[in-house]
S.K.: 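Below you'll find the structure I mean.
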Amino acid sequence: MLHHLPTHTKSADIPGVRSGFNFVNCRRNAELLAQGYQPPKAVRTGTSIVGLIYRDGVILGADTRATEGPIVSDKNCSKIHYLQNHIYCCGAGTAADTEMMTVMTSAELDMHSLNTGRSVVPVVCASMLLRRTLFRYQGHIGAALLLGGVDRSGPQIYCIYPCGSNDKIPYVAMGSGTLAAMSVLEHGWRPDLGYEEGKQLVREAISAGVFNDLGSGSNIDLCVITAKGANYLRTDTVASEKGGRVGKYAIKPNSTLITSMSVNSLVVTEEKIYSPSQMMDDQQSGPSGLQASREVQNDEEAGEPEPRGSQSHQ
């Protein structure tokens, strides 16, 4: 028997009003700002992620540097996340947001597969789940995602922004190295790219982002997705290797070359020796005591006799 379910619920914030977007936190933030609390400042992140469609499927690529402002926090992090066997996702932005978004979406896709009996979940379902969650939080989840996969409709790439909007295009670059990577893609991409040509183009695009953006660096990860499955190539290429010292020094270690030497003689004109008791007396006397001692010294140098008081005897 089917029970009647309410079509809407009441809002806990305003009684008698249908629920929808909840802006309780906005009013809380406004009250905190009025009390003098400063909001947390955003930390700049850096990433270069690339995806393209080639002849037989999709190739995704990403660098492996994670930054916290000017600090490199991780040199070999994984930015290509698993969703399904035929769907992978690259993440740019806040590392925790991209990780949790992909983990939750992967679980939702598993439930969708069990409920519908589909062995291959359409790529558009993953895109829709990601867009719904990001739009619900109005861009406060710092996750810019590059979704790629192959299903019955063929290879597909979706570019999903933190606000919930998306683009479906044959090649895309996201992150702080977007400009350099996109210039390489626009120059070298064509619809009939082969397997090796596609991989090399992704390597060149990521390398352009690495060498032209301080937030990108370290290694290059690739993921090739076809109708047969995915091949995740971890640390496919080392983009920026640490260089060695090229210059050589002619000076031997622990030695210094002396070019000239000069000796200067010092003449002592005045010497004063203070005992600890005299120093304590000077400190206790203060400025007035020093001034009095100076006045006595000036009187003695002038030769004026010191006046003496008379004494009376009874």
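Worth knowing before you read on, the calculation uses all heavy atoms, side chains too, and leaves out hydrogens, waters and symmetry mates.
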S.K.: For A180, give me all partners under side-chain contact (heavy atoms from CB on, under 4.5 Å), at least two apart in sequence or on another chain.
M.R.: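 If we apply the side-chain contact (heavy atoms from CB on, under 4.5 Å) test to A180, skipping adjacent residues, the hits are A208, N212.
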S.K.: Is the shortest side-chain heavy-atom distance between N166 and S127 below 4.5 Å?
M.R.: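 Heavy-atom side-chain distance check passes, below 4.5 Å.
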S.K.: Let me check something: do L222 and L52 share a hydrophobic cluster, defined by ILVMFWY side-chain heavy atoms less than 4.5 Å apart, either directly or through other members?
M.R.: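 Hydrophobic grouping puts L222 with L52.
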S.K.: Identify, with sequence neighbours excluded, every residue that meets salt bridge (charged side-chain N to carboxylate O under 4.0 Å, His left out) alongside D213.
M.R.: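 With neighbours one apart ignored, the set is R44.
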S.K.: Would you say Y137 and M104 are hydrophobically clustered, going by side-chain heavy atoms of ILVMFWY under 4.5 Å?
M.R.: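 Y137 and M104: one cluster.
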S.K.: Does a side-chain N-to-carboxylate-O contact under 4.0 Å join K272 and E270?
M.R.: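 Result for this pair is yes, salt bridge flagged.
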S.K.: Do T67 side-chain atoms and V72 backbone N/O form a donor-acceptor pair below 3.5 Å?
M.R.: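 The answer is no, because no donor-acceptor pair under 3.5 Å joins these two groups.
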S.K.: Listed by chain and number, what are the side-chain contact (heavy atoms from CB on, under 4.5 Å) partners of A205, not counting sequence neighbours?
M.R.: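 A205 satisfies side-chain contact (heavy atoms from CB on, under 4.5 Å) with V50, A181, V184, L185 once adjacent residues are dropped.
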S.K.: Name all pairs fulfilling the salt bridge (charged side-chain N to carboxylate O under 4.0 Å, His left out) condition that reach into residues 70-87, sequence neighbours left out, sorted by first residue then second.
M.R.: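 Listed by first then second residue: D63-K79.
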S.K.: Residues in side-chain contact (heavy atoms from CB on, under 4.5 Å) with A92, at least two apart?
M.R.: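 In terms of side-chain contact (heavy atoms from CB on, under 4.5 Å), with neighbours along the sequence ignored, A92 is linked to T47, I49, A144.
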S.K.: Among residues at least two apart in sequence or on other chains, which ones pass side-chain contact (heavy atoms from CB on, under 4.5 Å) with E271?
M.R.: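 Result, side-chain contact (heavy atoms from CB on, under 4.5 Å) vs E271: I273.
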S.K.: Heavy atoms, side chains only, cut-off 4.5 Å: are L193 and L201 in contact?
M.R.: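 The answer is yes; the side chains approach within 4.5 Å.
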S.K.: Would a hydrophobic clustering, with Ile, Leu, Val, Met, Phe, Trp and Tyr connected at side-chain separations under 4.5 Å, put I225 with L109?
M.R.: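 Shared cluster, no.
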S.K.: Look at the side chain of N76 and the backbone N and O of T64, then say whether any donor-acceptor pair between them is shorter than 3.5 Å.
M.R.: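 Looks like no, no N/O pair under 3.5 Å.
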S.K.: Holding to salt bridge (charged side-chain N to carboxylate O under 4.0 Å, His left out), I want the full list of residues that pass it with D192, two or more places apart in sequence or in another chain.
M.R.: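 If we apply the salt bridge (charged side-chain N to carboxylate O under 4.0 Å, His left out) test to D192, skipping adjacent residues, the hits are R190.
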S.K.: When rounded to the nearest 0.5 angstrom, what is the spacing between CZ in R65 and OG in S216?
M.R.: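 Between R65 CZ and S216 OG, I get 7.5 Å after rounding to 0.5 Å.
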S.K.: Is L179 reachable from V210 through a run of hydrophobic residues whose side-chain heavy atoms are each under 4.5 Å from the next?
M.R.: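 In one cluster with V210: L179, no.
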S.K.: Taking the side chain as everything from C-beta on, heavy atoms only, tell me whether V224 gets closer than 4.5 Å to Y54.
M.R.: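 Result yes, sub-4.5 Å side-chain heavy-atom pair found.
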S.K.: Name each donor-acceptor pair under 3.5 Å that joins a side chain in residues 111-124 to protein atoms two or more places apart or in another chain, with its distance.
M.R.:
residue : atom : partner : partner atom : Å
S113    : OG   : R118    : O            : 2.6
N115    : ND2  : M111    : O            : 3.1
T116    : OG1  : H112    : O            : 2.6

S.K.: Does one hydrophobic cluster hold both I53 and I59, with members joined at side-chain heavy-atom distances below 4.5 Å?
M.R.: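 Cluster IDs for I53 and I59 differ.
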S.K.: Could you report the tightest heavy-atom contact between Q156 and Y158, atom names first, then the distance?
M.R.: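 Nearest heavy atoms, Q156 then Y158: OE1-OH, 2.9 Å.
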S.K.: Can you tell me how far the CE atom of M182 sits from the OG atom of S48, to the nearest 0.5 Å?
M.R.: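 Going from the CE atom of M182 to the OG atom of S48 covers 11.5 Å.
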S.K.: Under the side-chain hydrogen bond (donor to acceptor under 3.5 Å, both in side chains) rule, what do S78 and Y232 come out as? Steps first, then yes or no, please.
M.R.: CA-CA 11 Å; S78 177; Y232 185 15; 2.8 Å; yes
S.K.: Check salt bridge (charged side-chain N to carboxylate O under 4.0 Å, His left out) between R203 and all other residues, then give those that pass, not counting sequence neighbours.
M.R.: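 Partners of R203 by the salt bridge (charged side-chain N to carboxylate O under 4.0 Å, His left out) criterion, ordered by chain and then number, come out as D236.
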S.K.: Is the closest side-chain heavy-atom distance between I80 and C89 below 4.5 Å?
M.R.: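 A side-chain contact under 4.5 Å is absent here.
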S.K.: Looking only at atom types and distance, does a side-chain atom of D221 sit under 3.5 Å from a main-chain N or O of T235, one as donor and one as acceptor?
M.R.: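 Checked: pair present.
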S.K.: Atom CZ of residue position R234 - does it have more than 12 heavy atoms of other residues, nucleotides or ligands inside 6.0 Å?
M.R.: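 Buried by this count: over 12 neighbours within 6.0 Å.
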S.K.: So which heavy atom on C223 is nearest to which on A230, and how close?
M.R.: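 Nearest pair, atom of C223 first, then A230: SG-CB, 4.4 Å.
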S.K.: For the residue pair Y88 / T102, report whether a side-chain donor-acceptor contact shorter than 3.5 Å exists.
M.R.: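 Per modelled atom types, T102 and Y88 side chains form no pair under 3.5 Å.
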S.K.: Side chains of L233 and K199: does their closest heavy-atom pair fall under 4.5 Å?
M.R.: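 Contact flag for L233/K199 side chains = yes.
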S.K.: Going by atom types only, do Y37 and N29 share a side-chain donor-acceptor pair under 3.5 Å?
M.R.: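 Looking only at side-chain atoms, N29 and Y37 do not form any donor-acceptor pair under 3.5 Å.
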S.K.: Side-chain contact, heavy-atom cut-off 4.5 Å: M174 with L145?
M.R.: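 No - every pair of side-chain heavy atoms lies 4.5 Å or more apart.
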S.K.: When you measure from the side chain of D167 to the backbone of I169, do you find a donor-acceptor pair of N or O atoms at a distance under 3.5 Å?
M.R.: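 Not a single qualifying donor-acceptor pair exists.
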S.K.: In the structure I gave you, are the side-chain heavy atoms of V172 and I157 within less than 4.5 Å of one another anywhere?
M.R.: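 Yes - at least one pair of side-chain heavy atoms lies under 4.5 Å apart.
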S.K.: With heavy-atom distances below 4.5 Å as the criterion, would you say the side chains of L60 and L146 are in contact?
M.R.: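 Answer yes - side chains close enough.
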S.K.: Would you please name every residue forming a side chain to side chain donor-acceptor pair (under 3.5 Å) with S218, sequence neighbours left out?
M.R.: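 If we apply the side chain to side chain donor-acceptor pair (under 3.5 Å) test to S218, skipping adjacent residues, there are no hits.
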S.K.: Are the side chain of S106 and the backbone N or O of L83 linked by a donor-acceptor pair below 3.5 Å?
M.R.: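 Yes: the side chain of S106 pairs with the backbone of L83.
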S.K.: Applying ring pair (Phe, Tyr, Trp, His ring centres under 6.0 Å) as the test, list every pair that has at least one member in residues 185-220; sequence neighbours left out.
M.R.: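 Only Y171-W189 qualify under ring pair (Phe, Tyr, Trp, His ring centres under 6.0 Å).
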S.K.: At what distance, to the nearest 0.5 angstrom, does NE2 of H81 lie from CG of L147?
M.R.: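 That separation rounds to 12.0 Å.
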S.K.: Begin from the C-alpha positions of L134 and M101 and carry the test side chain to side chain contact (heavy atoms under 4.5 Å, CB included) through to its verdict.
M.R.: CA-CA 9 Å; L134 292 174; M101 279 294 301; 4.0 Å; yes
S.K.: For L32, is there any backbone N or O sitting under 3.5 Å from a side-chain donor or acceptor partner on Q35?
M.R.: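 Not a single qualifying donor-acceptor pair exists.
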S.K.: Minimum heavy-atom separation for T178 and A173, please, with both atom names.
M.R.: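 For T178 versus A173, the nearest heavy atoms are CG2-O, 3.4 Å.
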S.K.: Hey, could you give me each pair passing salt bridge (charged side-chain N to carboxylate O under 4.0 Å, His left out) that has a residue in residues 45-61? Not counting sequence neighbours.
M.R.: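 Qualifying pairs, neighbours excluded: none.
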